[in-house]
Asks: 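Please find one structure pasted underneath; my questions will follow.
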Amino acid sequence: MKVLILGGDGFCGWPTALHLSVQGHDVTLIDNLSRRHIDNELGVSSLTPISPLDIRLAAWKDLTGRTIAALHMDVAREYDRLEATIERLAPDAIVHFAEQRSAPYSMKHARAKRYTVENNLAATQNVLCAMVETGIDAHLVHLGTMGVYGYGGGLRIPEGYLTVEVDDSDGARTQREILFPPDPGSIYHMTKTQDQLLFYFYNKNDGLRITDLHQGVVWGTQTRETRLDERLINRFDYDGDYGTVLNRFLMQAAVGHDLTVHGSGGQTRAFIHIQDTVRCIEMAIGNAPAAGERVRIYNQMTETWRVGELAKLVARMTGANIANLPNPRREAPENDLCVDNACLLDLGLDPTTLRDNLLSEIIDVAQLYAHRCDESRILSTSPWVRPRPSHAEAIAS
Ligand code: NAD
Ligand code: USQ
């Protein structure tokens, strides 16, 4: 299959490019390196020493004989080039990772909020528009997020669609399937809820074939392919904006920092290991929707954990201290989360769950590169709520 990967230099996109290449797919990736630029802007860098993209690609060719083509392109701002590229390559599948993905960064300041909305919505809109204008019948696989649903509310979260019973125009009760009501908790998550509407429209109006993968928090760093050589190593974000919770706890334990639990740690989230991410994408592109099918939505997660329980697990393994810090986010201090993930399990996903040996592997990686950690950048400080007196009173009541 010809596969175009948008955002192929990122944490999920790079291992996906290697995984699909090793499966025999003809892979081209596009990236504008904005993630590396944001690291420069924030004055942080991946804990692992990620190579420049051209070195990564040359190493892959040296080691496997396989070529991955790459284009430096801004999917949100270079529409004409994107359309011409899709026309020229005529991909069978397009995997879309090319969005600003940090919730804390998206709440950091006005510029980051506006950038996140403009970048993410324009990127998704441009891909969809280019698919229609070129007439290329590719299958679009998009990385969405579990956060579109708002983490629970006491319901078992279905895979995208909710069956509701409503009155019809004759007053009789009737059942309808609707998109699960969106309930985003950050500007970033809000862009993913808006992506869903773009997919709904382009699928209904233009018949585009789309799979939206509502992914949980990804943990781990290496996959089978990125482990082959240090030049292929995957990024490991640990800073207060881009580091995600379990990887942060594991690296914090490795460098002797307290584990930074926000609030009581009662927040429950869905998780998936990076090896399962790449496998899920392989399965999604291998099982494209039929012509005329509505947008497929899969919940791409394998287990749920309370943040505080994760901290206790890491503390038990390593002897690290747990610090319950004031929560910079506006989020429920505690929630239950029950998620239906039958679609990917039915396609053959064999979940990689939290196991000591995998957790230890991440601690080993973190210890190996601990000298690259800037401990002053560990705490998460991007504020969800600005000091507006009337609003603060409303929240308090
Ligand atoms: P990442 O930031 O590491 O990778 C995204 C890549 O896209 C980066 O290399 C960036 O340079 C590129 N990019 C961004 N905007 C672009 C643009 N306009 N044009 C071209 N390239 C652009 O993020 P990630 O962790 O790999 O996440 C990938 C996708 O998966 C995101 O859409 C994210 O929302 C989703 N996701 C990630 C996680 C997670 O825990 N990492 C969990 C759920 C969903
Ligand atoms: N948390 C802590 N301590 C920390 C970091 C985080 O207690 O040091 C808490 C947060 O307050 C939050 C939870 O852990 O309650 C998860 O935070 P996170 O940073 O691991 O994940 P999140 O901001 O939700 O975003 C990540 C990815 C995003 C993806 C999302 C999937 O960055 O791209 O969409 O996970 S999900 O959470 O399922 O929506």
Side-chain angles (χ1 to χ4, degrees), residues 5-16 29-39 46 53 71-78 82 95-107 115-116 118-120 122-124 126 142-151 184-186 188-189 191-192 195 213-219 234-235 237-238 240-249 252 259-272 274 277 281 299-301 304-308 310-311 323-325 327-333 335 337 339 378-380 384:
I5 300 183
L6 311 176
D9 186 50
F11 170 62
C12 298
W14 174 242
T16 299
L29 65 83
I30 287 180
D31 207 295
N32 66 348
L33 307 183
S34 53
R35 180 67 196 85
R36 294 180 188 244
H37 297 317
I38 292 175
D39 267 354
S46 163
L53 183 55
L71 295 166
H72 185 285
M73 188 190 302
D74 187 327
V75 175
R77 283 163 206 80
E78 294 183 86
L82 178 68
V95 188
H96 174 23
F97 296 100
E99 296 183 77
Q100 191 300 101
R101 72 105 177 129
S102 157
Y105 183 76
S106 78
M107 302 302 291
Y115 165 71
T116 302
E118 287 162 14
N119 185 65
N120 292 5
T124 299
N126 283 352
H142 170 254
L143 274 289
T145 177
M146 284 299 303
V148 296
Y149 302 115
Y151 313 117
S186 71
Y188 154 72
H189 286 98
T191 65
K192 296 283 177 173
D195 282 345
L213 300 170
H214 288 187
Q215 186 168 238
V217 184
V218 181
W219 63 283
N234 199 14
R235 65 164 43 248
D237 296 314
Y238 70 91
D241 285 318
Y242 277 89
T244 52
V245 63
L246 178 54
N247 279 4
R248 272 165 64 74
F249 289 167
Q252 288 163 0
L259 309 185
T260 56
V261 173
H262 293 165
S264 65
Q267 309 92 316
T268 310
R269 294 292 181 269
F271 290 86
I272 184 165
I274 185 72
T277 293
I281 290 159
N299 291 337
Q300 186 161 307
M301 50 73 69
T304 59
W305 282 83
R306 275 186 204 281
V307 164
L310 286 179
N324 289 94
L325 303 173
N327 194 344
R329 304 187 186 205
R330 185 166 181 225
E331 60 184 358
N335 66 293
L337 185 57
V339 180
I378 289 181
L379 289 184
S380 200
W384 251 242

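Please read all numbers here as calculations on a predicted model, not as lab measurements. Note that ligands are numbered from 1 as they come in the structure, with each ligand's atoms numbered from 1 the same way.
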Asks: Report yes if some N/O of D31 lies less than 3.5 Å from some N/O of ligand 1; otherwise report no.
Replies: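 Between D31 and ligand 1, an N or O pair is found under 3.5 Å apart.
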Asks: Of the listed options (W14, Y242, F271, F97), which comes nearest to atom 29 (C) of ligand 1 when hydrogens are ignored and any heavy atom counts?
Replies: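 Heavy atom nearest to atom 29 (C) of ligand 1 belongs to F97.
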Asks: Is it the case that ligand 1 has an N or O less than 3.5 angstrom from some N or O of V75?
Replies: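 Checking ligand 1 against V75, an N or O pair does fall under 3.5 Å apart.
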Asks: Taking N or O atoms only and a 3.5 Å limit, does Y115 qualify as a polar contact for ligand 1?
Replies: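 No; every N/O pair is 3.5 Å or more apart.
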Asks: So is R101 polar-close to ligand 1, meaning N/O to N/O under 3.5 Å?
Replies: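 Such a contact does occur with ligand 1.
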Asks: So, does A123 sit close enough to ligand 1 that a heavy atom of it is under 4.0 Å from the ligand?
Replies: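 Not so, A123 does not reach ligand 1.
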Asks: I'd like to check the ring pair (Phe, Tyr, Trp, His ring centres under 6.0 Å) partners of F271; sequence neighbours left out, ordered by chain and number.
Replies: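 Residues passing ring pair (Phe, Tyr, Trp, His ring centres under 6.0 Å) with F271: none at all.
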Asks: Would you check the N or O atoms of Y188, main chain and side chain alike, for any that come under 3.5 Å of an N or O of ligand 1?
Replies: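 Between Y188 and ligand 1, an N or O pair is found under 3.5 Å apart.
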Asks: Can you name the atoms of ligand 1, numbered from 1 with element, that are less than 4.0 Å from a heavy atom of A76?
Replies: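 Those qualifying, in numeric order: 18 (N).
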Asks: Counting each atom of ligand 1 from 1 as listed, which ones have a heavy atom of V218 under 4.0 Å away?
Replies: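 So the atoms of ligand 1 that pass are 38 (C), 39 (C), 40 (O), 42 (C).
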Asks: How would you list, by chain and number, the residues with a heavy atom under 4.0 angstrom from ligand 2?
Replies: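 For ligand 2, the contacting residues are R101, A103, T145, M146, G147, Y151, Y188, H189, Q215, G216, V217, G243, T244, V245, R248, T260, V261, H262, Q267, R269, V307, R329, E331.
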Asks: Which bit of D237 is near ligand 1, meaning a heavy atom under 4.0 Å away: side chain, backbone, both or neither?
Replies: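 Neither part.
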Asks: How does K192 reach ligand 1, by side chain, by backbone, by both or by neither, if only non-hydrogen atoms under 4.0 Å count?
Replies: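 K192 to ligand 1: side-chain contact only, backbone stays beyond 4.0 Å.
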Asks: For ligand 1, is there an atom lying under 4.0 Å from some heavy atom of G8?
Replies: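 The answer is no: ligand 1 sits nowhere under 4.0 Å from a heavy atom of G8.
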Asks: Who's closest to atom 21 (N) of ligand 1 heavy-atom-wise, of L246, T116, L29, N32?
Replies: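 It is N32 that holds the nearest heavy atom.
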